[in-house]
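Step one of this worksheet: look at the structure below.
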Amino acid sequence: METKTLQIPNISCNHCVMTIKNELSEIQGVASVDGDADQKQVTVAYDAPASMDQILEKLKEINYPAQ
């Protein structure tokens, strides 16, 4: 299991965090997604078949690109 914390400047509120959680949780292999609107961060725990490339691509798709 890998865990990665990502900076996402487009996060402005907890609704944004919920959107990200819902979308990333649909990726097979993503075990958990936690977010902090104040810090503009999400922490993703994942295992194969999920990959960081898939996660970053999904974030771009939903207009919350990570930096």
Side-chain angles (χ1 to χ4, degrees):
M1 180 83 54
E2 286 198 55
T3 302
K4 187 108 173 157
T5 299
L6 304 167
Q7 283 297 125
I8 303 181
N10 289 0
I11 292 176
S12 59
C13 63
N14 285 326
H15 182 266
C16 299
V17 172
M18 285 305 295
T19 298
I20 292 167
K21 281 184 179 184
N22 291 339
E23 291 288 335
L24 293 184
S25 293
E26 290 177 8
I27 298 172
Q28 190 174 355
V30 172
S32 69
V33 182
D34 290 309
D36 186 325
D38 295 330
Q39 305 243 346
K40 298 183 182 290
Q41 292 181 336
V42 291
T43 301
V44 184
Y46 64 97
D47 231 336
S51 69
M52 185 47 60
D53 286 344
Q54 277 182 303
I55 292 164
L56 293 173
E57 189 58 39
K58 176 59 86 174
L59 288 169
K60 272 189 217 163
E61 267 179 44
I62 62 171
N63 293 319
Y64 291 104
Q67 287 191 335

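Side chains included, hydrogens not; waters and symmetry mates left out as well; all remaining heavy atoms used. This chain uses plain numbering: 1 for the first residue, then up along the sequence.
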Nonpolar side-chain network containing Met18, other nodes, edges under 4.5 Å |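 Direct or chained contacts put Met18 with none.
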Met1: which other cluster members, linking ILVMFWY side chains closer than 4.5 Å, directly or transitively?
->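 Taking Ile, Leu, Val, Met, Phe, Trp and Tyr as members, Met1 stands alone, with no cluster partners.
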Calculate, to the nearest 0.5 Å, the distance between atoms [atom1] and [atom2] belonging to [X] and [Y] respectively.
X: Cys16; Y: Ile8; atom1: SG; atom2: CD1; value: 10.0 Å
X: Thr3; Y: Tyr46; atom1: OG1; atom2: OH; value: 8.5 Å
X: Leu59; Y: Gln54; atom1: CG; atom2: CD; value: 11.5 Å

Please give me the minimum heavy-atom distance between [X] and [Y], naming the atom from each residue.
X: Pro49; Y: Gly29; answer: CD-CA, 4.1 Å
X: Val17; Y: Ala37; answer: CG2-N, 3.9 Å
X: Ala66; Y: Leu6; answer: CB-CB, 4.1 Å

Name all residues meeting the side chain to side chain contact (heavy atoms under 4.5 Å, CB included) criterion together with Glu57; count only those two or more places apart in sequence or in a different chain, and write none if there are none.
->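 Only Lys60, Glu61 meet the side chain to side chain contact (heavy atoms under 4.5 Å, CB included) criterion with Glu57.
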Mind checking side chain to side chain contact (heavy atoms under 4.5 Å, CB included) for Ser25 and listing every partner two or more places apart, or none if nothing turns up?
->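 Side chain to side chain contact (heavy atoms under 4.5 Å, CB included) check on Ser25 returns Val33.
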Could you give all pairs that pass the salt bridge (charged side-chain N to carboxylate O under 4.0 Å, His left out) test and reach residues 16-36, with sequence neighbours left out?
->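 Those involving residues 16-36 are Glu23-Lys58.
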Would you mind listing every side chain to side chain donor-acceptor pair (under 3.5 Å) that reaches into residues 4-18, with sequence neighbours excluded?
->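 Those involving residues 4-18 are Thr5-Thr43, Gln7-Gln41.
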Partners of Thr19 by side-chain hydrogen bond (donor to acceptor under 3.5 Å, both in side chains), sequence neighbours excluded?
->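 In terms of side-chain hydrogen bond (donor to acceptor under 3.5 Å, both in side chains), with neighbours along the sequence ignored, Thr19 is linked to no residue.
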Is any side-chain heavy atom of Ile11 closer than 4.5 Å to a side-chain heavy atom of Ile20?
->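 They are in side-chain contact.
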For Val30 and Asp47, run side-chain contact (heavy atoms from CB on, under 4.5 Å): C-alpha distance rounded to whole Å, both residues' side-chain angles, the deciding distance at 0.1 Å, then the answer.
-> CA-CA 6 Å; Val30 172; Asp47 231 336; over 6 Å; no
